[in-house]
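Report on one structure; see the data block that follows.
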2 protein chains.
Amino acid sequence: MTAETKNSLSEQARERLLAAARVVFSENGFQNATVREICRRAEVNIAAINYYFNSKEALFAATLNFEPLLALCKKVNKDSTCAQERLLNFIHDFLMQLLDEKEFSVQCQLMARELAEPTPVLGKIVQEAIAPIHQFVANLVCEIVGEKISEAELRRCVFSIFGQCMYYRHGQPVIQRLHPKLRYDHREIEAIAKHIGEFSLAGLKQIAQNQCP
Amino acid sequence: MTAETKNSLSEQARERLLAAARVVFSENGFQNATVREICRRAEVNIAAINYYFNSKEALFAATLNFEPLLALCKKVNKDSTCAQERLLNFIHDFLMQLLDEKEFSVQCQLMARELAEPTPVLGKIVQEAIAPIHQFVANLVCEIVGEKISEAELRRCVFSIFGQCMYYRHGQPVIQRLHPKLRYDHREIEAIAKHIGEFSLAGLKQIAQNQCP
DNA sequence: AAGTGTATCAAACGTTTGTTTTAAAGTAAA
DNA sequence: TTTACTTTAAAACAAACGTTTGATACACTT
């Protein structure tokens with residue numbers, strides 16, 4: 001057995017742990033996720049978590065990957081034209097990462113959990129992921145409504161946009177009970193993105209008018 | 001000692017338990033709240049929870065009170081004029097109940113927690129409180145945008161409004177780290193309500209235009 | 001004064017949690 | 001084969017959880 005094969009084999013446990021952890025954490029949150037279920041799904045011994053990582057918390061931190069979210073900002077900044085269009089594209093892509101169950105969106109769902117239920121790693125998440133994309137949207141809003149908007153009002157505009165998006169995930173337990181038939185398939189996400197986009201652009205235009213009458 | 005005095009005295013423990021439970025549950029959520037801390041704050045023995053109520057979950061159910069929230073809908077329906085005005089009033093009063101730290105809003109905060117972190121009692125909360133006020137806002141939106149709106153689009157409009165409001169509570173751990181100086185005092189809540197109101201009315205107007213061009 | 005039912009208490013119960021231990025199995029170089 | 005090192009395994013760890021127990025104190029009725 002070659003060295004590479006050995007590496008890939010010994011790394012298998014670690015990789016399976018990471019994959020299983022992503023699923024379990026995103027389904028149950030950090031607190032409710034148990035190391036036993038993670039190990040069961042990864043088909044490794046229970047001691048593996050503390051062997052490869054040092055703790056449940058470190059495993060959680062290792063599952064975080066901010067790149068897809070940050071890449072989203074860069075992508076939108078490149079291939080688009082006016083600020084309005086870029087905001088619409090961002091909302092669409094963001095919702096895709098946030099809601100699509102089939103997509104590789106576990107990363108995003110995992111982080112979305114933390115907004116409501118803080119863990120010791122939340123500080124890092126805010127600093128490296130949430131703050132940048134909030135700033136990114138804030139810049140877009142600035143371009144759309146003009147520079148004269150106050151800092152507080154700018155903040156509220158950003159919150160309005162993210163609030164609309166996040167509600168579909170934060171409020172999912174409720175939404176599922178209110179509308180049991182509702183599924184986040186591709187078509188539904190497109191419709192949601194279109195709605196939030198138009199809703200928000202109109203809202204921003206109104207705010208802009210208020211600021212400089 | 002008369003019977004009434006005895007009753008009021010023996011009820012003291014029960015009432016103190018309820019008051020403490022409301023605080024602890026709203027601060028930590030159902031899972032993270034411990035019966036020991038509730039009893040410590042209520043200054044009662046640890047066995048009191050299972051003596052007066054039957055379980056931690058039953059205690060939690062007993063802390064729920066949907067009246068303030070439902071009363072809000074009735075109040076808005078009475079003393080207001082046009083649908084737009086009523087929506088603005090609702091958003092304002094709702095945010096007051098949801099955010100004001102000094103107000104007696106623990107009830108609302110307690111329920112807001114459950115939106116993201118479901119408990120066995122969530123079904124009751126949705127049925128008795130959330131569904132009615134969602135329906136209430138849906139009716140307002142219908143009045144504003146006209147009857148021709150589709151059921152799905154109507155739902156998204158309601159979600160947009162609630163999403164904006166709830167983000168200030170659901171995302172509080174994040175918001176606190178993003179804007180450490182931000183406090184939900186009376187003035188700030190007024191500003192938030194004004195923002196969400198104008199933002200949403202403009203959004204609704206846009207949606208209405210889309211439906212019947 | 002004896003009896004009855006309620007309220008409170010410290011202590012322990014049985015689980016479940018994340019983590020650690022200790023030993024065995026496997027792998028590669030000497 | 002021997003040696004050194006890495007990886008797996010079962011079992012147990014201490015801590016925290018919600019809950020239950022059994023005894024005690026109290027107020028009220030008979």
Side-chain angles (χ1 to χ4, degrees), chain A residues 1-25 27-63 113-114 117-122, chain B residues 1-25 27-63 113-114 117-122:
Chain A
M1 188 176 283
T2 70
E4 298 126 40
T5 328
K6 180 236 168 180
N7 264 349
S8 77
L9 269 182
S10 56
E11 290 291 300
Q12 269 189 7
R14 190 190 154 96
E15 291 306 316
R16 280 208 310 275
L17 257 179
L18 274 174
R22 269 187 272 264
V23 175
V24 178
F25 279 137
E27 282 179 353
N28 306 94
F30 177 75
Q31 293 255 25
N32 289 10
T34 67
V35 294
R36 280 171 175 82
E37 187 182 354
I38 294 176
C39 291
R40 194 183 52 80
R41 288 214 209 180
E43 293 177 336
V44 301
N45 187 268
I46 222 208
I49 284 187
N50 286 277
Y51 177 76
Y52 286 103
F53 311 88
N54 289 329
S55 63
K56 178 192 180 187
E57 187 180 316
L59 169 62
F60 179 68
T63 62
R113 276 245 168 212
E114 302 312 300
E117 178 198 359
T119 75
V121 214
L122 178 58
Chain B
M1 187 177 284
T2 72
E4 298 127 37
T5 329
K6 181 227 168 186
N7 263 349
S8 77
L9 269 183
S10 56
E11 289 292 300
Q12 269 189 9
R14 191 190 153 95
E15 291 306 316
R16 280 207 311 274
L17 257 179
L18 275 173
R22 269 188 271 265
V23 175
V24 178
F25 279 136
E27 282 179 353
N28 306 93
F30 177 75
Q31 293 254 28
N32 289 11
T34 68
V35 296
R36 282 173 172 81
E37 187 182 353
I38 294 176
C39 291
R40 194 183 53 78
R41 287 214 209 180
E43 291 178 337
V44 301
N45 186 268
I46 238 233
I49 285 186
N50 286 276
Y51 178 76
Y52 286 105
F53 313 88
N54 289 328
S55 64
K56 179 192 181 185
E57 187 180 317
L59 169 63
F60 179 68
T63 60
R113 275 246 169 210
E114 302 311 300
E117 176 198 2
T119 75
V121 216
L122 178 58

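Here the structure is a predicted model, which means the values were calculated and not measured. So that the names make sense, note that chain A is the first sequence line, chain B the second, and so on, each numbered from 1.
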As an exercise, state the distance from [atom1] of [X] to [atom2] of [Y], rounded to the nearest 0.5 Å.
X: B/L59; Y: B/R14; atom1: CG; atom2: CZ; value: 9.0 Å
X: A/R16; Y: A/L18; atom1: CZ; atom2: CG; value: 11.5 Å
X: B/E27; Y: B/E37; atom1: CD; atom2: CD; value: 7.5 Å

Review point. Can you find a heavy atom in the side chain of B/T119 that is under 4.5 Å from one in the side chain of B/Q31?
Key: no
Check your understanding: So do B/Y51 and B/N45 actually touch side chain to side chain, heavy atoms under 4.5 Å?
Key -> no
Nearest to the side chain of [X], heavy atoms from C-beta on, is which of [options]?
X: A/I46; options: C/dT8, D/dA11, D/dT8; result: D/dA11
X: B/Y52; options: D/dT19, C/dT19, C/dT8; result: C/dT8
X: A/N50; options: D/dT8, C/dT20, D/dT19; result: C/dT20
X: B/K56; options: D/dG18, C/dA10, D/dT7; result: D/dG18
X: A/A47; options: D/dT8, C/dT21, C/dA10; result: C/dT21

Given atom [atom1] of [X] and atom [atom2] of [N], what is their separation to the nearest angstrom?
X: B/E57; N: D/dC17; atom1: CD; atom2: P; answer: 18 Å
X: B/F60; N: D/dG18; atom1: CZ; atom2: P; answer: 13 Å
X: B/L59; N: D/dT19; atom1: CG; atom2: C1'; answer: 14 Å
X: A/I49; N: D/dA9; atom1: CD1; atom2: P; answer: 14 Å
X: B/Q12; N: C/dT6; atom1: CD; atom2: C1'; answer: 16 Å
X: A/R40; N: D/dA10; atom1: CZ; atom2: P; answer: 15 Å
X: A/F53; N: C/dT19; atom1: CZ; atom2: P; answer: 13 Å

**Study point:** Residue-phosphate contact under 4.0 Å: A/Y51 side-chain N/O, D/dT6 OP1/OP2
**Key:** no
Check your understanding: Does the side chain of B/N45 get closer than 4.0 angstrom to OP1 or OP2 of C/dA10 through an N or O atom?
Key -> yes
Review point. Between A/F30 and A/F25, how do the two ring planes meet: parallel, tilted or perpendicular, split at 30° and 60°?
Key: parallel
Review point. Which residues within residues 30-39 of chain A lie with some heavy atom under 4.0 Å of an atom in DNA chain C?
Key: A/A33, A/T34, A/V35, A/R36
**Study point:** Heavy atoms of other groups near A/E43 CD, more than 12 under 6.0 Å
**Key:** no
